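A, B, ... follow the sequence lines: proteins, then strands. Residue 1 opens every chain. Computed from a predicted structure; not experimentally measured.
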Protein chains: 2
Amino acid sequence: MQTIEELLESKNIRVTAMRLLIYKFLAEKDVAVTLSDIENAFEKADRTTLYRTVKTFEEKDIVHQIDDGTGITKYALCEKGCNCEIETDLHLHFHCNNCKETVCLTEHKIPQIKVPDGFVSENVNLVVKGICDKCSGQ
Amino acid sequence: MQTIEELLESKNIRVTAMRLLIYKFLAEKDVAVTLSDIENAFEKADRTTLYRTVKTFEEKDIVHQIDDGTGITKYALCEKGCNCEIETDLHLHFHCNNCKETVCLTEHKIPQIKVPDGFVSENVNLVVKGICDKCSGQ
DNA sequence: CAGTAATTGCACTTCCATTGCATTGATAAT
DNA sequence: ATTATCAATGCAATGGAAGTGCAATTACTG
């Protein structure tokens, strides 16, 4: 169990107040968030700073980007089971058509996808849309 | 074998010169196109008209929208094997990291994706990225 | 404590998607 | 045929998100 400071240092990222706050914000959310979500949570901070902080996290494999088809990029913390740098170890994402939230289904790996001869698969993005557990279970 | 006019009429869309031209343009492309692509092909026409024409086609299941992760919406004609209105009959899309083009792999159906209890799957979007046949086969 | 490099904030730009409104064009009724 | 009606088109403008340049600030190094 390492602290956030230790995590950032291990990735060669300077520890700043802003980064700690943004990391904590992401850590306490169990859904993927947009830049606007972060912006609303930190109205004092500048959009650009938030944008670049998230980009830095992304480069260092602290968060991963999610394209859930809404047209707005979302971000979520990479967790223990999420080896984003390994392209074959991608989990799927679920987008709820009801509450519009997107979650990582980390435990559900993407099955091997066959592509026609001549095509070389390097990466797979799989988004399942439907009704999430919170919205269906009432 | 029906004409384009008959197709449009069967979908209750008025046959106009613009729509015929745009349909033909889409029909002769074997890759998904952006609105800008269409715009470049029809410089005389207004962007809005092209936009709304494609939207109309989309509503009537003549074209389907593709989100290949580039952030730019692409469109492709629904073909015989493409029953877009039937959610369980979705094919996958392939985006080439080399030539940046996106194609529909209509013959490759998406395998059944299991989701956790409580989640209800209604729709699946699968984009495979890599190198396409044209770019790999030289 | 000074010097260097990275981080932050502000202003701006670009690109795509989308809408309002006036005008043109096509269908239906007289 | 002529007009009335409604859809389609074109023009202008807006909005949202992503991204960049530069100056000011903050954090590390010696």
Whole Å only: how far is the NZ atom of K11(B) from the P atom of dA8(D)? 16 Å
Separation of N12(A) atom CG from dT29(D) atom C1', in whole Å? 16 Å
Integer-rounded Å distance: dT25(D) P and M18(A) CE: 18 Å
Measuring from the side chain of T16(B) (C-beta onward, heavy atoms only), which nucleotide among dC16(C), dA27(D), dA8(D) has the closest atom? dA8(D)
Which whole-number value in Å describes the distance from E9(B) CD to dA26(C) P? 14 Å
Is it true that atom NZ of K114(B) has more than 12 heavy atoms of other residues, nucleotides or ligands lying nearer than 6.0 Å? no
Does a donor on one side chain sit under 3.5 Å from an acceptor on the other, for T102(B) and H95(B)? yes
Quickly work out the I72(B) CD1 to dT14(C) P distance and round it to whole Å. 16 Å
By side chain to side chain donor-acceptor pair (under 3.5 Å) - contacts of D37(B) (at least two apart): T34(B)
For atom CG of L21(A) and atom P of dT26(D), their distance in whole Å: 16 Å
Just how far, in rounded Å, is C1' of dA27(D) from CG of L20(A)? 13 Å
Using the benzene-type ring in the case of Trp, are the ring centres of Y75(A) and F57(A) under 6.0 Å apart? no
Scan residues 29-59 of chain A against DNA chain D and write down, sorted by residue number, each residue with any heavy atom closer than 4.0 Å; if none is found, say none. L35(A), S36(A), R47(A), T48(A), Y51(A), R52(A), K55(A)
Ring centroids only, cut at 6.0 angstrom: are H93(A) and H108(A) within range, meaning strictly under it? no
In terms of heavy-atom contacts, does CG of N40(A) have more than 12 from other residues, nucleotides or ligands at under 6.0 Å? yes
Between dA26(C) (P) and I13(B) (CD1): distance, integer Å: 17 Å
Nearest-nucleotide 5' precedence on DNA chain C, R14(A) against G71(B): R14(A)
